[in-house]
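Order of the sequence lines fixes the chain letters, A, B, ..., with proteins taken first and strands second; residue numbering starts at 1 for each chain.
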There are 2 protein chains.
Amino acid sequence: MIQQASPSAPAAPGMAADLAASRRREADAALAELGHASTAARRAIVEAMIASGRLETPEQLLHDAREKAPATSLATVYRTLERLDAAGRIKRATLASGAVGYGFCGTGHHEHAICLRCGLLQPIRPCLVSDAPDLAGFQVSSHVLDFYGLCARCASEAGATSSGSAEAEGTGRPA
Amino acid sequence: MIQQASPSAPAAPGMAADLAASRRREADAALAELGHASTAARRAIVEAMIASGRLETPEQLLHDAREKAPATSLATVYRTLERLDAAGRIKRATLASGAVGYGFCGTGHHEHAICLRCGLLQPIRPCLVSDAPDLAGFQVSSHVLDFYGLCARCASEAGATSSGSAEAEGTGRPA
DNA sequence: CTGCAAATGCGACTCATTCTCAATACGGAC
DNA sequence: GTCCGTATTGAGAATGAGTCGCATTTGCAG
């Protein structure tokens, strides 16, 4: 239900190889950081998330991951998401289509801009919320600030064709 | 799984009656605003949400609503939540316990402080995010800023008893 | 008071997510 | 490089929140 922009097939020759290599490195780093074993399935899942840069459904992640690790199962996708989430490396959001998408985010606190049409997950650094307001004794331990809307590409596409081509209809309001 | 602070039994005599009356008025206003019929079940559900001022699970809302409208069913709770949500009067969040809670919020855009322990939903007005940052062509249509932590009461209780008394354990990180 | 559209309750249903468990792969020790 | 204990995996069953269909009831305009 969410668009898939970048190819997740084995890297094409040329400069694309650098990108693929850097993805692989980032995926390995993330897995190593978790302190868990680096298995083919986990690597494939994390690389797929990094490569897409979007919020994707578990089904999509499974599909993408299977290009590199064909035996991967949905249960493993969920288990991997769970571990990444525990490490704070996952952004989860419901898109306009109603689908729940999971996206990979880098380390450290930051905000996100989320395209409701294609699921693009755009990090915003540094954090925009420096000081919590006075809340009558409320002890703030964390905050979440997400911007929802249309990414540059989807905005122009939606402008050209009045009816979006993506499945996600737009209420403009995240769930 | 979420604490219930204020009694939802028929209003006690005295000044509590004013509160109950104002809740009833607010509930009626919200329903009228929706342009839908004001039925006993809907009134009971909305009044329960307003009275609690917290994020509550559909099951809890059903339980609370049944004190005023005993025949209410879970399906009606969900249908009412759906209608309120369509009108932007609902805040939905996953608490630390993993339970999904629904809370009633007033009209107009505002932020929220959410107690991860008891589900308290504290509105923050006015909106703190005046201008969206430049996001390379990203068209922001809305944003969500939530503060998570402990309300004044839960903070002091958690401070007194090192192990919280509420069911919701605290990872300190919202889902 | 009447009639009808809207709303309800019930129970069946869907489907995302989690669990179980035997088989397998990982990675440190040798 | 090989071996072994343990973490991980895949498959399918199980769970449970949320939705749907439909006969019945209710709100409310006339």
Practice item. Would you please name every residue forming a side chain to side chain contact (heavy atoms under 4.5 Å, CB included) with A/Ala37, sequence neighbours left out? Key: A/Thr39, A/Arg42
Exercise for review: Using the test side chain to side chain donor-acceptor pair (under 3.5 Å), find all partners of A/Glu59 that sit at least two apart in sequence or belong to another chain.
Suggested key: none
Review point. Where does the chain B footprint on DNA chain D start and end, counting 5' to 3' with a 4.0 Å heavy-atom cut-off?
Key: D/dA17 to D/dC28
**Study point:** Where B/Lys91 and B/Cys105 come nearest, the two heavy atoms and their spacing
**Key:** N-SG, 3.9 Å
Review point. Does A/Ala44 have any side chain to side chain contact (heavy atoms under 4.5 Å, CB included) partners at least two apart in sequence or in another chain, and if so, which?
Key: A/Ala65, A/Lys68, A/Ala69
Practice item. Take atom CG of A/Leu61 and atom P of C/dA16, then tell me their distance rounded to the nearest Å. Key: 14 Å
Check your understanding: Is A/Ala71 touching bases, backbone alone, or none of the nucleic acid, heavy atoms closer than 4.0 Å?
Key -> sugar-phosphate
Exercise for review: List for me each residue that meets salt bridge (charged side-chain N to carboxylate O under 4.0 Å, His left out) alongside A/Arg89, sequence neighbours excluded, and say none if there are none.
Suggested key: A/Glu33
Practice item. Kindly calculate the angle separating the two end axes of the helix from C/dC1-D/dG30 to C/dC30-D/dG1, each obtained from five base pairs, and round it to 10 degrees. Key: 40°
Revision key, fill the gap. In whole angstroms, the gap separating P of C/dT17 from CG of A/Leu84 amounts to 15 Å
Can you name the atoms? Protein N/O to nucleotides 24-30 of chain C N/O, anything below 3.5 Å, with the distance.
from: C/dG27; atom 1: OP1; to: A/Ser38; atom 2: N; distance (Å): 3.2

Check your understanding: What residues form a side chain to side chain contact (heavy atoms under 4.5 Å, CB included) with A/Glu26, not counting sequence neighbours?
Key -> A/Ile50, A/Phe104
Practice item. Just jot down the ring-ring contact (aromatic ring centres under 6.0 Å, His included) partners of B/His110, sequence neighbours excluded, or say none. Key: B/His112
Point to revise | Sugar-phosphate, base or nothing in reach of B/Arg42, heavy atoms under 4.0 Å | key: sugar-phosphate
Practice item. Nearest 0.5 Å please: distance from the CD atom of B/Gln139 over to the OG atom of A/Ser156. Key: 9.0 Å
Revision key, fill the gap. Sequence neighbours excluded, the answer for salt bridge (charged side-chain N to carboxylate O under 4.0 Å, His left out) partners of A/Arg83 is none
Practice item. Mind checking side chain to side chain donor-acceptor pair (under 3.5 Å) for A/Thr107 and listing every partner two or more places apart, or none if nothing turns up? Key: none
Exercise for review: Mind calculating the distance between CZ (B/Arg79) and P (C/dA7) to the nearest angstrom?
Suggested key: 10 Å
Exercise for review: Please name all residues satisfying ring-ring contact (aromatic ring centres under 6.0 Å, His included) with A/His63, sequence neighbours left out, ordered by chain then number.
Suggested key: none
Practice item. Could you check A/Thr72 against B/Leu74 and say which one's nearest nucleotide on DNA chain D is further toward the 5' end? Key: A/Thr72
Point to revise | For atom CD of B/Glu82 and atom P of C/dT8, their distance in whole Å | key: 12 Å
Review point. Quick one: A/Glu56 CD to C/dA16 P, roughly how many Å, whole number?
Key: 15 Å
